[in-house]
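All values below were derived from every heavy atom in this structure, side-chain atoms included, with hydrogens, water molecules and symmetry-related copies excluded. Protein chains get the first letters and strands the later ones, always in sequence-line order, with residue 1 at the start of each.
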Amino acid sequence: MKRFFIKLALFTISLICVYGFLVNKLSEDYVDIYYKKFTQKASGLIIGISKASKGINPAIIEKKLEELNYDSPIINFALNVNNSPFGEVYFEAIKKKLNPKQNNQLFIIAVSPGAFAAPQNMSPEDIYKMDKKRTILGKVNQVAANPNYNYILNTYEQPLYNALHPYEKWTFDEIHDNGWLEIVPVSKKDTISEIDTKFWKSNILRLFSDQLGFQEVSSYRIDSFTKILAYLKSRGDAFIVHIPEDQEFYELENKFWPTFEKDMDSISNQQNIPFLNYSNRIGHFKTYDGLHFDSTGATEFTKMLSEDIYNYLEKD
Amino acid sequence: MLFNSFEFLIFLPVIVIGFYLIRHRYRWVWLLAGSYFFYSFHKPELLILLLISTVTDYFCGLKMVGASHKQKKAYLTLSLVVNIGMLFVFKYLAFFTNSVYELFGFFGVEITPEENFGTYSFSNIMLPVGISFYTFQTLSYTIDIYRGQIKPEKHFGIFALYVAFFPQLVAGPIERASRLIPQLKENVKVNLPNIKKGMVLIAWGLLLKVVVADRLGIYVDKAFANPESPHGFSLILGAVFFMFQIYFDFSAYTSIAIGTAQTIGVELMQNFNRPMFALTVADFWKRWHISLMQWLRDYLFFPLGGSRGTKAQTVRNIFILFFIVGLWHGASWTFVIWGLLNALLLVLEYATAPTRKKVFIAIGLRKRTIELMGWTFGISYILITLVFFRATSLDNAITYINHMFQFKSLHVNILENYFELVLSCILILLVQTIHYFKGNDKIYELVIGKPKHIRWSFYIAYIFIIALFAINRQNTFIYFQF
């Protein structure tokens with residue numbers, strides 16, 4: 001019996017060691033498109049959903065606002081509509097993510113109706129539980145560690161052999177250390193064609209339309225959003241931003257929440273936080289699927305955004 | 001609690017070690033508490049239904065002793081009403097009400113649930129995990145007592161353990177009281193070879209689940225999410241992968257269940273006997289989900305008359321049997337159609353058997369050739385019927401099958417990852433080869449009793465396979481939903 005237990009212990013320890021080695025190896029290279037958003041403390045944040053994740057490059061903002069002496073680094077901590085909708089889970093993660101000792105931070109809060117959506121008739125407690133269970137932010141306890149084993153253990157769903165050879169990721173995306181998810185339409189291996197763009201656009205429109213059909217604007221998410229705004233304002237300067245998209249998506253969002261811009265304006269006034277609404281810039285910036293900016297679109301948009309923020313602060 | 005979870009890795013050794021440390025007369029308490037803990041781990045409220053079923057059948061079973069035929073019938077009816085009533089409410093009510101609404105709608109009468117029940121909809125009713133399994137298990141107990149085949153169990157704790165025995169509570173095998181209760185009473189001594197066999201079965205089941213079934217599931221999910229795909233071959237491969245996914249997934253669960261029970265000296269029945277090597281559809285159903293099919297044979301098919309009546313009666317009985325098989329699996333028309341399609345081929349096999357035999361003899365086909373033809377046809381038919389099992393609606397199933405045969409492109413790599421595709425195919429072949437030689441029940445012979453160097457090679461290979469190739473997603477077992 002004693003020998004049996006020794007063998008069993010040896011087997012278990014060996015399994016844990018091999019597993020640990022692979023997890024460690026994985027953490028040294030590419031994990032997934034969000035991993036790098038979870039590997040450092042932030043002294044400024046960009047929050048929102050995928051439009052913000054792909055559309056705002058913190059490096060451009062830092063450079064433009066250099067003379068205003070904001071704390072750095074600013075991290076793009078926006079994920080996507082399924083993983084970072086406004087709510088207490090996102091709020092908790094933001095609090096953990098921020099460097100506690102600094103109070104001259106810059107925050108860009110990107111808003112779109114999808115970030116306030118929740119299944120119809122769901123109670124706030126259930127929405128919280130759902131966010132906790134299903135979102136990356138809910139699963140991960142450690143949001144600023146490098147290497148972030150907690151992130152890998154709780155969210156990584158691929159086989160670990162990926163740690164031993166270069167991961168066959170989507171060739172068009174590149175996650176930067178500052179959390180910006182850059183979409184490069186022409187990569188070394190491939191190019192995003194017009195057919196791809198059309199297919200993605202129709203697909204994403206269908207998905208959006210389906211999803212919004214059984215969802216509603218959640219007062220719980222709006223409440224959390226205002227709490228997040230109040231908290232961020234106490235840590236520095238905050239800006240609410242509405243990133244533009246193609247006309248079809250704009251119409252779909254308007255259908256879902258017809259008074260969205262008016263309501264955001266009203267929250268912005270209540271909280272005394274500027275609302276930079278770019279919905280009049282539909283079609284100005286290059287998207288790869290009608291909704292998300294590619295590298296060029298994101299760079300142009302971020303330049304314009306940082307210019308506007310700079311002008312606002314100068315005027316102030 | 002899931003077998004493929006970290007919690008179970010802690011739970012199992014605690015239960016097994018505790019079981020052998022506790023004196024025999026108190027072991028049922030330990031196992032019953034463990035079983036209730038296991039079942040209610042995520043949703044404690046699930047215990048209520050299990051307890052209602054347990055108390056009802058314990059009471060009905062005892063009351064049938066020495067009762068008149070009329071009274072016995074009344075107690076059996078009570079047991080049937082309570083158990084099937086709960087199953088109906090929690091599993092089928094939404095399906096039946098929606099079907100009625102649709103029927104009215106077909107005749108132009110629009111009724112919506114809101115008009116009749118305010119804002120409440122039956123679709124909100126939660127399906128308790130494993131209800132179909134434990135309902136059938138407890139029903140067999142009262143029916144067997146009614147038939148005089150077994151005596152009721154007087155010890156409430158042992159009976160409650162029979163209903164809730166954690167290794168097979170959630171997804172079977174559906175055990176009979178005559179087999180399981182005596183084993184639960186037995187004073188089991190520590191038997192290291194038995195424990196080792198159990199552990200090998202558990203390890204095999206885990207590997208089958210997290211390395212093979214879950215891997216196939218990724219391709220299957222993608223294929224079935226796009227039934228209108230122009231890539232016919234990818235849809236065919238999706239259907240093939242689903243056939244193996246559901247088999248490996250359920251077989252994995254059964255292996256872990258049998259292995260777990262074996263570690264505490266309980267031998268559960270086998271649920272599979274190499275079904276993918278079945279030569280006909282009838283043969284397939286003798287090898288697939290054996291405990292359910294035997295249950296339905298004994299408590300439904302035979303009482304209906306089985307195949308002892310006229311041909312027409314046999315055909316009717318087969319259709320009723322497979323209508324229930326379909327409905328047992330899920331409250332949806334897709335499952336009903338799946339069941340009925342299987343019945344259809346069984347009836348055709350049954351009706352054409354003499355003619356086919358004559359034709360094969362006349363054209364001089366060899367036995368091997370006939371078997372190969374039977375296997376190819378049978379497995380292809382099962383594969384197509386399983387599209388109904390997996391599809392989310394009848395429309396999707398029909399679209400899927402329709403597009404399977406539109407060969408507009410040769411594209412099969414819908415995951416954009418050739419390595420995973422090739423790996424999936426290799427794993428299917430590997431597991432099927434092992435099943436061919438060792439069956440579903442003798443997997444431990446690969447390791448147990450082999451020389452030391454072979455055993456340790458297996459252990460090391462196992463560690464690396466699990467660590468490198470497991471899909472790190474905690475997927476529930478497919479049969480949990482039934």
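- A 6.0 Å sphere centred on OH of A/Tyr149 holds more than 12 heavy atoms belonging to other residues, nucleotides or ligands.
- Between A/Lys7 and B/Trp456, some side-chain heavy-atom pair lies under the 4.5 Å cut-off.
- Among all heavy-atom pairs drawn from A/Gln158 and B/Asn472, the shortest one is O-ND2, 2.7 Å.
- With a 4.5 Å cut-off on non-hydrogen atoms, A/Phe4 touches chain B through its side chain but not through its backbone.
- Contacts of B/Val210 with chain A are absent, with no heavy-atom separation under 4.5 Å from either backbone or side chain.
- Only the side chain of A/Leu8 comes within contact range of chain B, with heavy atoms under 4.5 Å apart.
- Taken from OH in A/Tyr156 to CD1 in B/Ile471, the straight-line distance is 9.5 Å, to the nearest 0.5 Å.
- For residues 125-141 of chain A, a heavy-atom distance under 4.5 Å to chain B picks out no residue at all.
- The list of salt bridge (charged side-chain N to carboxylate O under 4.0 Å, His left out) pairs with a residue in residues 187-206 of chain B, not counting sequence neighbours, is empty.
- Residue with the most contacts toward chain B among A/Val23, A/Thr155, A/Leu22: A/Leu22 (heavy-atom pairs, distance under 4.5 Å).
- Between B/Ile460 atom CD1 and A/Ser14 atom OG the span is 7.5 Å, to the nearest 0.5 Å.
- In this structure, A/Phe11 and B/Tyr459 approach most closely via the heavy-atom pair CE1-O, 3.7 Å.
- For a residue to count as touching a neighbouring chain, one of its non-hydrogen atoms must lie under 4.5 Å from one of that chain's; by this rule A/Leu10 touches chain B with the side chain only.
- Checked against ring pair (Phe, Tyr, Trp, His ring centres under 6.0 Å), B/His231 has the following partners two or more places apart in sequence or in another chain: B/His411.
- Qualifying ring pair (Phe, Tyr, Trp, His ring centres under 6.0 Å) partners for A/Tyr35, counting only residues two or more places apart in sequence or in other chains: A/Tyr151.
- With a threshold of 4.5 angstrom between heavy atoms, B/Ile218 does not approach chain A through any atom at all.
- Note that the CG atom of A/Leu160 and the CD1 atom of B/Ile466 stand 11.5 Å from one another [nearest 0.5 Å].
- Other residues, nucleotides and ligands place no more than 12 heavy atoms under 6.0 Å from the CD atom of B/Glu228.
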